[in-house]
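Working notes for the structure below.
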Amino acid sequence: MKRRPLSQVRGILRLPLLLLIWGVFAIAMWIPAVYAVIVDDHQTSQSFFYSGIVGLTLVTFVGLSISNRVPRYGMPGQLMTLLATFVFLPLYLAIPLQDALQNTSYLNAYFDMVSALTTTGADIFDRPGRVPQSVHLWRVLVAWLGGMFMWIAASAVLAPLSLGGFEVTTRAEPGRSDAILRESQRPDPRRKLILVTRALAPVYTGLTFALALLLMLCGESGLVAVSHAMSIMATSGLSPIGGIGAAQSGLAGEMVMFLFLLFALSRLTFSSDTVAVGHGRLDKDPEFRTGMLIIVGVPMLLFLRHWIAALEVNASDDWTMALASFWGALFTVTSFLTTNGFESAYWFSAQEWSGLETPGMILLGLAVMGGGVATTAGGVKLLRVYALYLNGLREMERLVLPSSVSGEGRGNRRLQSNGAFVAWIFFMLFALSLTLISVALSAFGIPFEQAMILAVAGLSTTGPLIEAAGQVPIELNLMDAPAKLILCFAMVLGRLETLAIIALLSPNLWRN
């Protein structure tokens, strides 16, 4: 019998993408509902079960009402779907959360769902014991699905439009497809979406299950292992126990999670299906090499600071403590660089060893740099950082030899010219967004330092910065409603990036 893998799903994909995403999350609500029944929490189970039925019913009715209309799967429509998903879908996702807790406002529930869906992980519920375990499962599940959604969208939507970091190396301008240069090779967006989903979804799911299994083998309990595995793959930083410091898996678990965090450094760790010009080998990939340089270099500086700064160190030169402090710095730096935000159980030892009492600026800087292009990590992205670095080297070379000609390959020549220019534009837009959001938060009574931390946490999608970057944790639940909405806007802007929002406003995108 002849197989037709694409035609098997075309009937479903005739629905608008937003309805399909809505249906997926409605079905996902039954997972925490079943878990709540297992742990004998029937009230929470009813909240998720009935919300899932209502959502699926609405999707079915709307789908039937527009079944005779074939949706246009143009790139502008898919980019608009991304924006609508992050803004409007949490309105539905917050319903069972608020109904299950019953001691929080709907705005807090909406904020938490925006934080989870954008993989920011800003925890508005300050005490882990306040939230039932089934609700914790729902939060990490939403973040995990949001991470998969961005994995797929990066390759199927942002890459063809030269957005999301791909504008640094592609030949087309941001917001315009390479296919515009060659009309005969214009891609079918629907076919591209199907192929990318079939290629990446099994990889994403398989890696999550593998990590959860390894954590359970290290001694972690079932729910915590699954939650931490989902949080690592989605780089959301959500935990049902308030972080990995209280995890039962210990050092072995941290080592396993460290290896899986490396997937957020470069798209080449799991896929090469991009339109970017570059190297296909991981050891030649500039993103991965830049990330590894930061991961090794920053902990080494913190480690050597023990002797360089001539500090009055309380502890002696105990090499057991030295190794523990180096590992704590290594894991925490990797975690915040990939915008996950888990702190190692040995991070406090690293601070004592280096004498760094307030490492907030280091963590903020790491989160701003971010991870790799087409990964679940946020931030400016390592490829843009590398493009600016390469262009800086070229400019210094021209100061010495003004008439010199670059001997780099085709990919690096692109990075040195227009790619570095676009990367600098994005960095300026990021800085401008950071300034505006900080000022807006300060206008509602938030101190400047806290406003800056909140803005960086939202734009870099690194929610744990809210607790780790300042001298004292920021209590989100005490913020005014306008400040929470501003932070929701920052999280959506940080997830989609400013260039994508500007591209939506461009007439050229809609004409193409």
Side-chain angles (χ1 to χ4, degrees), residues 119-123 211 215 218 220 227-229 231-239 241-247 249-265 290-306 315 320-372 375-379 382 453 456-457 460-474:
T119 70
T120 302
D123 197 350
L211 177 54
L215 289 177
C218 293
E220 195 62 79
S227 299
H228 286 174
S231 296
I232 289 292
M233 293 308 302
T235 63
S236 64
L238 292 173
S239 172
I241 56 176
I244 63 174
S249 57
L251 179 60
E254 288 190 10
M255 289 182 174
V256 171
M257 287 187 282
F258 172 81
L259 294 177
F260 280 79
L261 280 174
L262 298 181
F263 284 100
L265 291 181
T290 303
M292 292 304 299
L293 178 64
I294 296 172
I295 288 173
V296 176
V298 174
M300 284 298 300
L301 289 176
L302 294 178
F303 182 78
L304 295 177
R305 191 176 187 272
H306 179 87
T320 302
M321 181 180 178
L323 293 177
S325 65
F326 181 78
W327 168 254
L330 183 68
F331 181 90
T332 305
V333 166
T334 306
S335 180
F336 278 90
L337 180 64
T338 56
T339 68
N340 177 69
F342 277 155
E343 292 185 28
S344 171
Y346 303 94
W347 175 234
F348 182 73
S349 299
Q351 295 180 59
E352 282 193 331
W353 178 267
S354 62
L356 198 64
E357 297 180 358
T358 55
M361 290 301 298
I362 295 178
L363 301 181
L364 288 171
L366 292 170
V368 167
M369 282 188 286
T375 65
T376 57
L382 291 171
I453 293 174
V456 173
S460 65
T461 66
T462 315
L465 281 173
I466 296 173
E467 297 184 1
Q471 294 183 352
V472 294
I474 303 173

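Residue numbers start at 1 and run along the sequence shown. Note that the structure is a prediction, hence the values are computed from the model and not measured.
- Within the 3.5 Å criterion, the main-chain N or O of T376 finds a donor-acceptor partner in the side chain of T235.
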(Q) One pair to check against side chain to side chain contact (heavy atoms under 4.5 Å, CB included): F331 and M255. What are the steps and the verdict? (A) CA-CA 8 Å; F331 181 90; M255 289 182 174; over 6 Å; no
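- Contact check for L262 versus I295: side-chain heavy atoms found under the 4.5 Å cut-off.
- Using cut-offs of 30° and 60° on the angle between ring planes, the pair F303 and W353 is parallel.
- Pairs passing the side chain to side chain donor-acceptor pair (under 3.5 Å) check and including a residue from residues 254-263, sequence neighbours excluded, read E254-W327, E254-S344.
- Although no hydrogens or angles enter the test, the distance criterion places no donor-acceptor pair under 3.5 Å between the side chain of S236 and the main chain of T120.
- For S325 against S349, the heavy-atom pair with the smallest separation is CB-O, 3.6 Å.
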- request: Could you please spell out the steps behind the side chain to side chain contact (heavy atoms under 4.5 Å, CB included) verdict for S227 and L238?
  value: CA-CA 8 Å; S227 299; L238 292 173; over 6 Å; no
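- Residues satisfying the side chain to side chain contact (heavy atoms under 4.5 Å, CB included) criterion with A252, sequence neighbours excluded, are C218.
- Residues satisfying the side chain to side chain donor-acceptor pair (under 3.5 Å) criterion with T339, sequence neighbours excluded, are absent altogether.
- With sequence neighbours excluded, no residue forms a side chain to side chain donor-acceptor pair (under 3.5 Å) with T338.
- Scanning for side chain to side chain donor-acceptor pair (under 3.5 Å) contacts around T461 gives an empty result, with sequence neighbours left out.
- Among L465, T332, V333, T334, the one residue that satisfies the side-chain contact (heavy atoms from CB on, under 4.5 Å) test with L366 is V333.
- For S460, the side chain to side chain donor-acceptor pair (under 3.5 Å) test picks out T462, with sequence neighbours left out.
- Taking OG1 of T375 as the reference point, atom CG of L265 lies at 8.0 Å (rounded to 0.5 Å).
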**Request:** Carefully, step by step, assess E352 and M321 under the rule side chain to side chain contact (heavy atoms under 4.5 Å, CB included).
**Result:** CA-CA 10 Å; E352 282 193 331; M321 181 180 178; 3.8 Å; yes
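- Under the ring pair (Phe, Tyr, Trp, His ring centres under 6.0 Å) criterion, F342 pairs with H228, sequence neighbours left out.
- Applying the side chain to side chain contact (heavy atoms under 4.5 Å, CB included) rule to A329 yields the partners P299, L302, W347, A350; only residues at least two apart in sequence or on another chain are considered.
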